[in-house]
Amino acid sequence: MDVVVLQLFNGISVSSILLLIALGLSITFGLMKVINMAHGELIMIGAYTAYVVQNLFTSYMPASLFGWYFVLAIPASFIVAFLFGLVLEMGLIRFLYGRPLDSLLATWGVGLMLQQIARSIFGAPNVGVTSPEWLNGGMTVLGDVVLPYKRLFILGLVLVCLFLMYVYIYRSHSGRRMRAVMQNREMAACLGISTRRVDAVTFAIGSGIAGIAGCALTLIGPIGPSIGTYYIVDAFMVVVLGGVGKLVGTVFGAVGIGLSNTLFEYWTTASLGKVLVFLCIVAFLQWKPSGLVAMRSRSLDN
Amino acid sequence: MRSSAKGGVGMQLRTWTSRRLWLLAVYAASAAVLFCAPLMLSDFRLNLLAKFLAYAIVALGLDLIWGYTGILSLGHGVFFGLGGYAMAMYLKLAASGGRLPDFMDWSGLTVLPWFWKPFESIGFAIAAGILLPALLALILGYVTFRNRIRGVYFTILTQALVIITTTLFVGQQAYTGGTNGVTGYSKLFGYSLASPETKRWLYFVTVGVLIGAFLLCRFLVKSRFGKVLRAIRDGENRVRFIGYNPAIYQMVAFAISAGLAGLAGMLFVLHVGIISPSMMGIVPSIEMVLWVAIGGRGTLGGAVLGAVLLNSAKSTFSESYPDMWTLFLGALFVVVVVFLPKGAAGLIGQLRGIGRRKGRESDERTSGVRNPAV
């Protein structure tokens with residue numbers, strides 16, 4: 001029983017991290033059909049922002065306040081990654097709309113450059129970020145199962161992000177414009193929506209969420225220039241499995257992959273588990289080729 | 001090119017002869033240079049060139065599927081690696097001389113695994129090196145193209161295939177040699193692999209295979225089959241409405257492409273003497289795509305040129321300035337995609353066209369990728 005609960009918790013924890021990473025992807029991919037391979041590097045930027053904020057706190061702030069650096073690091077990561085995303089969209093992505101495969105290659109190049117730049121600034125070895133004290137330890141449930149606070153915190157963070165995104169996409173004016181552009185770009189433009197601006201803002205928001213994901217990853221382990229590549233393919237699989245265009249799909253995709261990953265790896269070995277998950281995804285796509293939740297559309301090529 | 005060319009035979013003949021002759025001269029000159037290279041290069045350089053030519057075979061296959069069919073595969077590292085491992089298994093068994101390969105000993109195996117047994121025969125190894133990747137591609141193609149999973153979805157799946165294959169190969173250390181891969185060969189057909197004569201001989205084999213692969217791709221591209229591939233690239237649904245089944249064409253093209261990658265992997269192992277999971281990972285796989293993009297997708301000569309050029313540049317610069325090389329590589333991706341979608345071959349065509357406007361137009365019609373892969 002304990003083992004089951006622990007594995008379940010681990011699975012959900014993995015899912016939450018995947019979800020945080022895939023959330024950003026699902027909007028950029030869902031709205032603009034842009035495959036942003038540099039998403040992993042935006043995660044890396046978020047993680048290094050948290051690292052810098054931590055260092056600033058240790059040098060300029062009294063030690064008693066150190067525990068609060070993380071609270072500041074989350075919005076800081078968002079803003080830095082947001083700005084990077086904005087620059088990326090305006091400088092490169094906007095030339096690549098309608099060419100998804102080309103956008104994939106170009107953003108891969110950008111990711112490669114960003115990794116190299118991070119390597120020259122922060123050095124190739126991984127750096128550690130000290131988690132704030134109030135996140136150490138864990139909650140004991142069912143006698144002797146310990147759920148670490150860090151993992152619970154990430155879970156909470158994901159839920160908050162999910163809620164905010166829901167509100168933004170489905171309840172705000174700006175979100176409605178975004179959905180309008182996603183559903184029918186020409187029509188939205190005819191109605192006076194500046195699709196260029198929507199594109200830029202959407203891409204930047206997706207990037208900002210990647211920044212938050214990076215900030216959360218600092219709680220789990222040391223960070224390095226190539227931390228993003230570690231997660232990026234899994235995150236894309238979440239999007240493929242979940243389908244694009246709806247938040248629900250991404251959530252299900254993340255939970256599905258996260259849970260099955262943990263369970264298969266528990267039953268078999270780490271490497272065989274990954275193979276099984278891949279086979280399951282391919283098998284699932286036989287049944288629903290466009291993912292779990294697909295946008296209904298009458299157009300033939302989309 | 002059966003009936004469709006009839007209408008424009010007269011017009012075609014005019015541009016045909018000069019263009020054909022020109023191309024033929026270029027091909028003949030390239031082949032001559034390749035065959036004379038051993039006279040001019042040191043053994044070390046020759047070995048490098050042989051490695052690049054093996055890469056060029058991958059580029060040809062990749063061009064077939066990407067440049068001509070519009071399907072971007074980021075999984076060719078796996079096919080390349082499978083071919084490499086097939087050859088490596090034969091060489092390793094030959095080097096171990098009836099005993100268990102050393103890394104199996106270290107991992108505590110006592111008997112040779114059943115799937116290693118057949119690799120004692122070179123014939124089986126060569127066949128497996130081509131057919132296994134082709135079969136894997138066929139299966140992957142069957143489960144994706146049939147369901148119209150294509151475009152970026154397919155690309156992401158191929159990338160996932162790379163990840164799981166490399167983790168599997170790293171994880172199953174006893175059977176695959178783990179991170180270190182399979183190395184430590186001695187002989188091929190009883191000839192020492194280390195001797196310069198064998199290396200020179202292998203170089204000629206590689207040149208021969210490359211020319212063969214080139215002619216095969218050229219034949220495919222010029223045939224009716226190739227025409228359907230290009231039609232799929234430019235408008236898959238139209239092809240479907242005309243009554244073709246694009247999935248079958250895509251599967252076959254993907255399998256041929258994977259088979260070529262496997263063939264290249266086998267030659268690569270003979271030249272380099274090692275195959276490991278890091279040579280079939282995500283980064284090498286996407287670099288293969290860059291070779292084609294730089295040379296010019298949709299032109300076979302461009303793919304070969306791109307592979308040789310980029311790898312020569314890499315081996316020249318990356319040793320002295322590894323950091324700068326990574327930055328350069330990243331920038332190259334961006335520049336090629338944004339400014340040179342047709343690659344070097346397109347650039348040459350443009351430059352030639354400045355002098356001869358007419359020539360350029362017909363040139364573009366036959367070789368250019370007007371509608372970039374979507």
Side-chain angles (χ1 to χ4, degrees), chain A residues 29 33-35 37-38 91-92 95-96 98-117 119-120 124 226 229-230 232-237 239-240 244 268-279 281-283 285-291 300-302, chain B residues 66 70-72 74 139-140 142-144 146-157 159-173 235-237 240-241 282-283 286 289-290 293 322-339 341 372-374:
Chain A
F29 184 36
K33 303 274 179 278
V34 163
I35 302 291
M37 277 289 169
L92 175 66
F95 301 113
L96 299 171
R99 295 155 62 188
L101 293 179
D102 284 352
S103 76
L104 186 156
L105 293 177
T107 50
W108 175 274
V110 172
L112 216 54
M113 286 194 278
L114 287 176
Q115 272 186 37
Q116 188 53 45
I117 292 167
R119 214 167 282 141
S120 10
S226 55
T229 48
Y230 217 77
I232 188 76
V233 177
D234 275 351
F236 268 115
M237 294 303 278
V239 178
V240 170
V244 290
T268 60
T269 60
S271 56
L272 270 182
K274 271 208 180 318
V275 177
L276 287 175
V277 172
F278 177 73
L279 292 180
I281 292 170
V282 171
L285 289 177
Q286 300 305 298
W287 176 47
K288 277 190 177 293
S290 49
L300 193 57
D301 292 300
N302 63 349
Chain B
W66 186 35
I71 298 164
L72 177 57
L74 295 181
I139 294 172
L140 188 68
Y142 180 77
V143 295
T144 48
R146 202 178 42 111
N147 286 313
R148 305 188 196 176
I149 298 172
R150 52 177 190 248
V152 286
Y153 292 93
F154 177 79
T155 305
I156 292 167
L157 282 177
Q159 196 160 44
L161 177 75
V162 173
I163 290 216
I164 61 156
T165 315
T166 44
T167 24
L168 193 68
F169 272 65
V170 171
Q172 306 295 319
Q173 183 151 7
E236 189 179 329
N237 279 318
R240 186 170 282 125
F241 296 152
I282 288 203
V283 178
I286 204 161
V289 172
L290 188 61
D323 294 359
M324 288 306 290
W325 173 254
T326 315
L327 272 182
F328 174 72
L329 199 64
L332 211 55
F333 268 106
V334 177
V335 169
V336 167
V337 166
V338 176
F339 298 108
V374 170

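Note: hydrogens, waters and symmetry copies are ignored here, and every other heavy atom, side chains too, is used. Naming convention: chains lettered A, B, ... in sequence-line order (proteins, then strands); numbering from 1 in each chain.
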Query raised in the report: Given a strict heavy-atom distance threshold of 4.5 Å, which part of Leu157(B) is in contact with chain A: side chain, backbone, both, or neither?
Result: both
Query - Proximity breakdown for Val282(A) and chain B, heavy-atom pairs closer than 4.5 Å - result: side chain
Query raised in the report: At a heavy-atom separation under 4.5 Å, does Leu105(A) approach chain B through its side chain, its backbone, both, or neither?
Result: both
Report summary line: Heaviest contributor of heavy-atom pairs below 4.5 Å to chain A, chosen from Leu161(B), Thr144(B), Leu332(B), is Leu161(B)
Report task. Using non-hydrogen atoms and a 4.5 Å limit, figure out which bit of Thr155(B) sits close to chain A: side chain, backbone, both or neither. Result -> side chain
Query raised in the report: Of the backbone (N, CA, C, O) and the side chain (C-beta and beyond), which part of Phe236(A) lies under 4.5 Å from a heavy atom of chain B, both, or neither?
Result: both
**Report entry** Parallel, tilted or perpendicular, as decided by the 30° and 60° cut-offs, for the rings of Tyr153(B) and Phe29(A)
**Finding:** tilted
Query raised in the report: Does some side-chain heavy atom of Pro289(A) sit less than 4.5 Å from a side-chain heavy atom of Arg148(B)?
Result: no
Query raised in the report: With a 4.5 angstrom heavy-atom cut-off, which part of Ile149(B) approaches chain A: side chain, backbone, both or neither?
Result: side chain
**Report entry** Structural part of Val289(B) lying under 4.5 Å from a heavy atom of chain A
**Finding:** side chain
Query raised in the report: Closest approach of Leu285(A) and Gly291(A), non-hydrogen atoms and distance?
Result: CD2-N, 4.3 Å
Query - Partner of Leu112(A) under side chain to side chain contact (heavy atoms under 4.5 Å, CB included), chosen from Thr326(B), Val283(B), Leu327(B), Ile286(B) - result: Thr326(B)
**Report entry** Part of Ile35(A) lying under 4.5 Å from any heavy atom of chain B
**Finding:** side chain
Query raised in the report: Considering only heavy atoms from C-beta outward, does the side chain of Met237(A) approach that of Ile281(A) to under 4.5 Å?
Result: yes
Query - Check: Phe339(B) ring centre within less than 6.0 Å of Phe95(A) ring centre - result: no
Requested in this report: Rounded to the nearest 0.5 Å, what's the gap from OG1 on Thr167(B) to CG on Leu272(A)? Could you check?
Outcome: 9.5 Å
